[in-house]
Q: 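Quick one: the structure is below, and I'll ask about it shortly.
Counting convention: from 1, in listed order, for ligands and their atoms alike.
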Amino acid sequence: MSNLSTPAVQKEIERRRTFAIISHPDAGKTTLTEKLLYHGGVIHETGEVKGKAGTKAVTSDWMELERQKGISITSSVMTFDYDKLRINLLDTPGHKDFSEDTYRVLMAVESACMLIDVAKGVEDRTKKLYDVCRLRNIPIFTFVNKLDREGKDPLTLIDEIEKTLNMQCYPVTWPLGIGQRFKGIYNRLTKEVTFYDQRREGDEMQTFPFSGPQDPILEKYLDHETLAQVRDELELIENALPPFDVEEFLAGRLSPVTFGSAKQNFGVDTFLKFFTQFAPGPRPRPTKKGDTLDPLSSNFTGFVFKIQANMDRRHRDRIAFVRICSGKFERGMKVNHSRLDRELRLSYSNQFIAADKETVDEAYAGDIVGVSDTGNFAIGDSISSQGKVIFADIPKFAPELFAKLTVRDALKRTKLNQALRHFSEEGAIQLFIDPIVGDQESIVGAIGELQFEVLVHRLQDEYNLEVKLTRLPFSVARWPRDANGVAVSQLKGNFQMFRDMIDQPVLLLNQEWDLNWAQKENPEIVFASSISRAR
Ligand code: G4P
């Protein structure tokens, strides 16, 4: 057992909260992020995150080069202080830059905020990100957004979330009407109502004590029809639901739900207050040995969850994003790189505050630092200041896009295979082999389109290889396992098996329907959508 950090360091660690927002594109993640940064005092005028002329650009696009290319492949970290806490919000690349990195970010947070568009409910991308959170059973807050627009009624929506995600919900706030008739929210924990007025900003709203569904104050603000509906809903939830169970929440089985409008900055502060009250700080992290490491330990430890390769060959350096798991980071410190079993000096490091990349001299468990890397790091690598610590693996997630790569000059086939192996080790793409053709033809898998674009660019830029990428019809990858978790390489039915980079059998299928068929033919087999990455 290692010693504990000094009381001053412990205090810093205990005030860290590290989380991410999971949502489907257009649910309002950028808008909510902006409002959170506004409440955290990082930006002073809303609209900055959107990159209005003359203000800071989109916070996640900090690399100028990438901005010029019109792509953002950086999961940045936005840090702000709120209510004595230091909050790290990790960006989960969405839209076009959705990739395996988006999933890996979720391995570096202690909680997540699931953002749902009230009109759309649980959408496809949200469900996928939620499933990744479930792998570690991290606590999930739910924020139902766009209440100022028409949408599903809140009871139907909560029922949908519970059924689709197989998770209990606990409404912390309740909306008073919706869309045109949206008049405010009731906070069930503080027993207060806040009325919505489009002319006022969120922090100028009026809040009143609330005695319950029959409180006459509702009559002053709600029309007849909304009043009747809201009272019915409130009677139902007040009587039917048990009190908020913090343990169930921390175990990832119950999600507290708040409602609001990110655009109108309404309900965001309520969410933030609730978040600061209940979000867990750095938690003990499981190691490969099977024990856990206390975040308050004096041993500085961390693991790499993302590697940012520079798109410009003149700047070959890469940035390894390290999630600090315990202790204190100091610039220039020497650490043990567990996989290479070598000592390294972490001399160049960045922390990310909004659009700025700032050199960081010290950071604590819960923080993310970007460490300059000349090729020493791979996804999942662990570092520690005392002895050797190896954290549990970051899984590999099933790709959904597949392509075949061919190189014009057939003599360059070996070079291409080498390059692909390198990119696969780095975690930029996944590589699959068709055992019938061997490595004469490589199949690459990705989670987002951009990964392919970056791959083709880097093959040209770093290896001088001009390749042709042909999309394949697969969209599902699964690793078949028996009841003991042992890899299965033969299935009943006419299914062709491929091998992945660590020689595990993997099934590549065109559609979900085929997977259902495979499952029907092989009821005893578990078709895993993620596996441990070998170190
Ligand atoms: P994303 O990052 O999740 O993709 O979503 P983003 O914040 O960019 O929001 C997507 C659209 O939804 C934006 O509209 C945004 O203004 C709108 N939006 C976000 N939150 C709310 C809300 O609470 N209420 C309403 N009514 N709209 C909301 P846009 O038309 O694409 O951009 P803009 O012209 O409004 O900036």
Side-chain angles (χ1 to χ4, degrees), residues 19-39 43 45-62 70-78 89-99 101-102 105-106 112-130 141-152 154 157 173 175-185 194 196-203 205 257-272 354-355 448-450:
F19 83 114
I21 299 173
I22 57 171
S23 62
H24 195 81
D26 289 330
K29 189 185 65 162
T30 313
T31 314
L32 179 64
T33 301
E34 176 198 73
K35 297 302 187 303
L36 292 171
L37 294 179
Y38 171 74
H39 284 284
I43 56 174
E45 191 190 324
T46 54
E48 289 182 25
V49 178
K50 281 272 178 189
K52 270 194 204 159
T55 60
K56 284 178 183 174
V58 177
T59 39
S60 59
D61 295 353
W62 56 262
I71 52 174
S72 151
I73 49 172
T74 307
S75 301
S76 66
V77 182
M78 286 155 275
L89 169 54
L90 272 60
D91 190 21
T92 43
H95 292 269
K96 197 169 170 287
D97 46 4
F98 184 63
S99 72
D101 277 341
T102 311
V105 163
L106 298 174
C113 169
M114 178 168 71
L115 179 67
I116 287 180
D117 180 330
V118 69
K120 306 234 176 95
V122 179
E123 295 174 88
D124 173 57
R125 188 75 64 77
T126 316
K127 166 92 172 68
K128 283 180 184 146
L129 293 165
Y130 169 82
F141 297 88
T142 301
F143 185 92
V144 178
N145 193 27
K146 307 197 187 181
L147 263 286
D148 58 319
R149 283 212 193 141
E150 301 305 325
K152 304 185 183 194
L157 188 66
T173 63
L176 310 175
I178 183 173
Q180 290 282 339
R181 290 186 288 138
F182 178 53
K183 287 292 179 293
I185 52 169
T194 304
Y196 168 65
D197 179 347
Q198 258 181 326
R199 289 159 305 180
R200 289 168 185 253
E201 268 289 308
D203 32 14
M205 300 287 174
V257 183
T258 53
F259 293 83
S261 163
K263 189 168 180 175
Q264 308 294 344
N265 192 15
F266 190 81
V268 177
D269 55 343
T270 312
F271 162 73
L272 203 48
E449 196 73 50
L450 185 70

Q: For a quick test of reading the model, state the closest non-hydrogen atom pair linking Lys29 to Asp91 and the distance between them.
A: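 Scanning both residues, the minimum pair turns out to be NZ-OD1, 3.1 Å.
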
Q: At less than 4.0 angstrom from any non-hydrogen atom of Thr30, what atoms of ligand 1 do you find?
A: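 Counting atoms of ligand 1 from 1, those under 4.0 Å from Thr30 are 1 (P), 2 (O), 7 (O), 8 (O).
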
Q: With backbone taken as N, CA, C and O and side chain as the heavy atoms from C-beta onward, which portion of Asp148 lies under 4.0 Å from ligand 1: side chain, backbone, both, or neither?
A: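 The side chain, only.
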
Q: Does some non-hydrogen atom of Gly94 fall short of 4.0 Å from ligand 1?
A: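 No, Gly94 has no heavy atoms under 4.0 Å from ligand 1.
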
Q: Would Gly28 count as a polar contact of ligand 1, with the cut-off being nitrogen or oxygen pairs under 3.5 Å?
A: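 Between Gly28 and ligand 1, an N or O pair is found under 3.5 Å apart.
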
Q: Just so I know, are the side chains of Thr194 and Thr270 near enough to count as touching, which here means a heavy-atom distance under 4.5 Å?
A: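 No. Closest side-chain heavy atoms not under 4.5 Å.
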
Q: Any sub-3.5 Å donor-acceptor pair from Thr92's side-chain atoms to Ile21's backbone N or O?
A: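 Judged by distance alone, yes, a pair lies under 3.5 Å.
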
Q: Quick one: closest heavy-atom pair of Phe143 and Ala262, and the distance?
A: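 Heavy atoms of Phe143 and Ala262 come nearest at CE2-N, 4.4 Å.
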
Q: Please work out which of Lys29, His95, Glu150, His24 has its closest non-hydrogen atom nearest to atom 4 (O) of ligand 1.
A: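 The residue whose heavy atom sits nearest atom 4 (O) of ligand 1 is His95.
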
Q: Does Arg149, backbone or side chain, put an N or O under 3.5 Å from an N or O of ligand 1?
A: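 Checking ligand 1 against Arg149, an N or O pair does fall under 3.5 Å apart.
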
Q: Would you say Gln264 and Leu147 make side-chain contact, with heavy atoms under 4.5 Å?
A: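 No, every pair of side-chain atoms sits at 4.5 Å or beyond.
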
Q: Identify, by atom number and element, the atoms of ligand 1 in contact range of Ser261, meaning under 4.0 Å from any of its heavy atoms.
A: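 Near Ser261, meaning under 4.0 Å from one of its heavy atoms, ligand 1 has 22 (C), 23 (O), 24 (N).
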
Q: Could you tell me, atom by atom, which parts of ligand 1 come under 4.0 Å of a heavy atom of Asp26?
A: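 Taking each heavy atom of Asp26 in turn, ligand 1 has 1 (P), 3 (O), 4 (O), 5 (O), 10 (C), 12 (O) under 4.0 Å.
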
Q: State if Gln264 counts as touching ligand 1 under the rule of any non-hydrogen atom under 4.0 Å.
A: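 No, Gln264 has no heavy atoms under 4.0 Å from ligand 1.
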
Q: Check Pro25 against ligand 1 and report side chain, backbone, both or neither, counting heavy atoms closer than 4.0 Å.
A: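 Only the backbone of Pro25 comes within reach of ligand 1.
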
Q: Quick check on the 6.0 Å ring-centre criterion: do Phe266 and Phe182 meet it?
A: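 Yes.
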
Q: Under 4.5 Å between any side-chain heavy atoms of Val257 and Val144, yes or no?
A: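 Yes. Closest side-chain heavy atoms under 4.5 Å.
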
Q: Can you measure from NZ (Lys128) to CD1 (Ile22) and round to the nearest 0.5 angstrom?
A: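 The CD1 atom of Ile22 is 13.0 Å from NZ of Lys128, to the nearest 0.5 Å.
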
Q: Checking contacts here: is it the side chain or the backbone of Asn145 that comes within 4.0 Å of ligand 1, counting heavy atoms only? Could be both or neither.
A: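 Only the side chain of Asn145 comes within reach of ligand 1.
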
